[in-house]
Amino acid sequence: MPLSRSAHVDTFTRDRLPPQEQWPELRFDLPELDYPDRLNCAVRLLDETIERIGPDQRCLVTDTEEWTYGRLLERANQVADVLSTQLGLVPGNRVLLRAPNNPSLVATWLGVLKAGGVVVLTMPLLRPAELVTTIELTQPSLAICDHRFLADLHTARDEAAPAMPVVAFGGVDPDDLLNRAGTAPTEFEAVDTAADDVALLALTSGTTGRPKVTMHFHRDVLAIADTFSRHVLRPESDDLFTTTAPFAFTFGLGAGLVFPLHTGAATLLIEKATPDELADAVARHGVTALFTAPTAYKAMVAAGKEAQLRSLRRAVSAGEHLPEATWRAFYEATDVRIIDGIGSTEMLHIFIASAGDDIRPGSTGKAVPGYVATVLDEDSNEAPPGTQGRLAVRGPTGCRYLADERQQIYVQDGWNVTGDTYVRDEDGYFWYQARNDDMIITSGYNIAGPEVEQALLIHADVAECAVVGVPDPERGQVIKAYVVLREGAPRDEAARRALQEHVKATIAPYKYPRLVEFRDALPKTQTGKLQRYKLREAARLTRGRAPAR
């Protein structure tokens with residue numbers, strides 16, 4: 001499929017697409033997936049939605065304010081104007097965004113896309129070293145940051161790209177993006193991007209610890225709404241969405257931004273919440289569509305919060321396997337059937353799920369309309385029902401890594417091979433078995449074991465280490481580190497805590513090992529390769545809960 005004429009003056013992203021022979025097979029079988037060649041997803045999500053529902057319907061909700069669709073359109077247009085006329089953005093420039101989920105982030109995300117920019121979303125939890133890697137890989141022309149989270153970004157910018165401008169928003173400085181936007185025109189003619197111009201660069205940890213950058217087109221942003229949201233979730237314009245996942249996770253981007261805007265619904269933006277606080281927010285605002293991780297659903301029921309969840313019509317779980325016991329406990333407490341789903345950053349959102357009476361508790365579900373899925377055996381042939389194998393998917397979205405040789409690992413014979421082991425039954429339902437790589441999935445976060453190892457290895461007392469995931473009833477998995485210390489280093493509880501705090505200070509705090517075991521040596525092959533499977537087995541045999549920290 002030849003690429004369309006690009007609107008990007010800065011050709012960085014198109015120049016770094018993988019060769020088309022390495023792309024997965026793309027399918028556009030549904031009529032709603034027949035997109036025009038020229039398409040700006042921000043216009044489709046905002047301007048065209050307003051044409052259907054009008055500007056006065058509520059759109060963005062927080063505990064302190066409420067924006068209508070009309071207000072969001074004006075602010076997004078003002079941001080796009082400032083980017084284009086004052087900050088020198090040209091179509092194709094990458095713009096790094098760093099902020100929690102709030103209305104200004106939504107307006108900025110839309111404004112960047114209207115101006116023809118490419119969004120690079122990051123989480124506020126990321127530390128300077130992680131931000132340095134992001135900047136080096138995506139080479140942003142500009143960074144826009146919530147004024148509360150500037151310090152680490154400035155540190156990373158000074159190391160990786162000293163000339164990159166950093167613009168704050170939400171503060172009182174006259175140069176603040178929102179202060180500049182306040183006097184800008186409220187109308188803006190969006191750049192006429194191609195449907196296959198890159199709109200988003202999203203990072204995934206990857207099993208080596210070196211992030212992979214996934215590239216998503218303008219049409220991809222709409223495709224996840226025209227498949228999972230339209231056919232499985234089936235939202236209505238009076239729905240109120242919310243999610244605990246940051247927009248930097250594409251699960252959260254779909255849940256809290258793309259799906260509600262595509263429908264003409266509203267979204268409750270929560271910057272951070274414990275399960276108890278989440279349940280209270282659902283009750284306070286009357287949330288009808290909730291997206292969060294299995295651990296949060298389990299914790300809300302365990303805390304006796306079912307009364308606060310009475311407004312829910314839909315609940316979606318993704319990010320980690322949803323245990324059948326958690327599904328049944330939530331259903332018995334709330335009469336709401338959780339929609340389990342599996343997606344990936346490479347595919348942008350959920351591609352296997354079932355809803356309502358089609359749900360089989362314990363199963364992830366069937367392929368979402370618009371996608372096909374199968375299980376491949378060791379020879380890359382389709383495995384018969386009941387046989388374990390590698391999950392493989394095709395659909396309107398697919399893996400395109402930015403200039404990364406790992407493209408040929410994820411895409412094989414036209415299939416997106418996700419790194420998950422599944423069984424497919426006779427009825428087409430998929431049953432999760434395990435990850436087949438070094439990815440650890442804990443409380444909805446994907447964490448690469450080697451990344452945690454790298455953080456530990458820069459501590460002066462660590463000679464060797466290995467990090468694995470340990471099954472845990474609360475979080476799905478917890479991170480366990482096996483550490484060989486240098487000679488003479490202390491091996492007491494204080495040393496364990498020091499290593500945990502070191503990891504928290506080096507990479508995002510949620511990646512720290514809750515369990516640390518000191519060893520004299522690590523298991524290795526005769527050629528010196530680390531045998532992580534032996535450590536995983538040892539962890540299963542001796543697993544215990546880490547102290548709450």
Side-chain angles (χ1 to χ4, degrees), residues 61-63 100-102 123-125 224 228-229 232-233 235 239-260 265-331 333-345 349-350 353 355 359 361 364-365 432 441-447 472-477 510:
V61 180
T62 73
D63 276 338
N101 297 359
N102 58 43
M123 290 190 301
L125 287 173
I224 62 173
F228 172 73
S229 182
V232 179
L233 189 64
D239 271 318
L240 178 62
F241 286 68
T242 200
T243 181
T244 54
F247 291 164
F249 287 165
T250 55
F251 173 64
L253 182 68
L257 196 162
V258 176
F259 299 162
T267 181
L268 170 65
L269 299 173
I270 300 174
E271 292 198 355
K272 186 178 181 182
T274 65
D276 279 9
E277 292 166 343
L278 175 61
D280 291 341
V282 168
R284 190 163 60 249
H285 294 278
V287 170
T288 61
L290 173 62
F291 289 64
T292 191
T295 48
Y297 287 115
K298 182 176 182 179
M300 287 188 287
V301 171
K305 290 286 188 176
E306 54 267 24
Q308 282 88 336
L309 305 174
R310 288 175 181 163
S311 62
L312 290 180
R313 297 198 293 246
R314 301 165 185 83
V316 181
S317 171
E320 61 182 278
H321 174 59
L322 174 66
E324 181 177 351
T326 299
W327 190 95
R328 293 193 180 280
F330 192 83
Y331 177 64
T334 65
D335 204 33
V336 174
R337 294 175 170 89
I338 299 175
I339 299 170
D340 192 14
I342 180 173
S344 68
T345 308
H349 215 272
I350 292 172
I359 292 173
T364 309
Y432 176 77
I441 305 176
T442 177
S443 297
Y445 290 99
N446 287 357
I447 299 164
D472 179 83
E474 297 295 329
R475 297 179 174 88
Q477 289 180 301
Y510 64 84

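Residue numbers count from 1 along this sequence. Because only heavy atoms are used, hydrogens play no part in the values below, and waters and symmetry mates are left out as well, while side chains stay in.
A distance of 11.0 Å separates OG in S344 from CD1 in I350, rounded to the nearest 0.5 Å. Atoms CZ and OG1, from F251 and T292 in turn, are 7.0 Å apart once rounded to the nearest 0.5 Å. The CD atom of E271 sits 5.0 Å away from atom CG of N102, with the distance rounded to the nearest 0.5 Å. Rounded to the nearest 0.5 angstrom, D63 CG and L268 CG are separated by 7.0 Å. Separating the OG atom in S317 from the CD1 atom in I338 is a distance of 6.0 Å, to the nearest 0.5 Å. To the nearest 0.5 Å, the span separating CZ on R337 from CZ on R313 amounts to 16.0 Å.
Looking at T442 and D472, their side chains never come closer than 4.5 Å, going by heavy atoms from C-beta outward. Side-chain contact check for L290 versus V336: every heavy-atom pair is 4.5 Å or farther apart. Using a 4.5 Å heavy-atom cutoff, the side chains of L240 and V61 are in contact. Within the 4.5 Å cutoff, the side chain of Q308 has no heavy atoms near those of the L278 side chain. By the 4.5 Å heavy-atom criterion applied to side chains, F228 and I339 are counted as neighbours. Using a 4.5 Å cut-off on side-chain heavy atoms (C-beta onward), D239 and F259 make no contact. For the pair P235/S229, a side-chain contact is recorded, criterion being any heavy-atom separation below 4.5 Å from C-beta on. The shortest distance between side-chain heavy atoms of T345 and F249 does not fall below 4.5 Å.
Judged purely by atom type and a 3.5 angstrom limit, T250 has no side-chain atom pairing as donor or acceptor with the backbone of H349. Looking at K272, its side chain never comes within 3.5 Å of a backbone N or O of P100 through a donor-acceptor pair. Of the possible donor and acceptor atoms, one in the side chain of T243 sits under 3.5 Å from a partner among the backbone N and O of F291. In this structure, the side chain of R314 engages the main chain of L233 through a donor-acceptor pair within 3.5 Å. Checked by atom type and distance alone, the side chain of N101 pairs as donor or acceptor with a backbone atom of F247 at under 3.5 Å. Remark: side-chain polar atoms of S311 are paired, donor with acceptor, to backbone N or O of V287 under 3.5 angstrom. With T295 contributing its side chain and E474 its backbone, the two residues share no donor-acceptor pair below 3.5 Å.
With sequence neighbours excluded, no residue forms a side chain to side chain donor-acceptor pair (under 3.5 Å) with T267. Every residue two or more places apart in sequence or in another chain that forms a ring-ring contact (aromatic ring centres under 6.0 Å, His included) with F330 is listed here: Y297. Under the side chain to side chain donor-acceptor pair (under 3.5 Å) criterion, T242 pairs with no residue at all, not counting sequence neighbours.
Residue V301 comes nearest to A329 through the heavy atom pair CG1-O, 4.1 Å, listed as atom of the first residue, atom of the second, then distance. Contact detail for P275 and M300: the closest heavy-atom pair is O-CG, 3.4 Å. Of all the heavy atoms in G341 and A353, the pair that sits closest is CA-CB, 4.0 Å.
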Should L257 and F241 be marked as a side chain to side chain contact (heavy atoms under 4.5 Å, CB included) after you check the CA-CA gap, both sets of side-chain angles, and the distance that decides it? CA-CA 9 Å; L257 196 162; F241 286 68; over 6 Å; no
Kindly determine whether T244 and I270 satisfy side chain to side chain contact (heavy atoms under 4.5 Å, CB included), including the steps that lead there. CA-CA 7 Å; T244 54; I270 300 174; 5.7 Å; no
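Within a 6.0 Å radius of CZ in R284, other residues, nucleotides and ligands contribute more than 12 heavy atoms.
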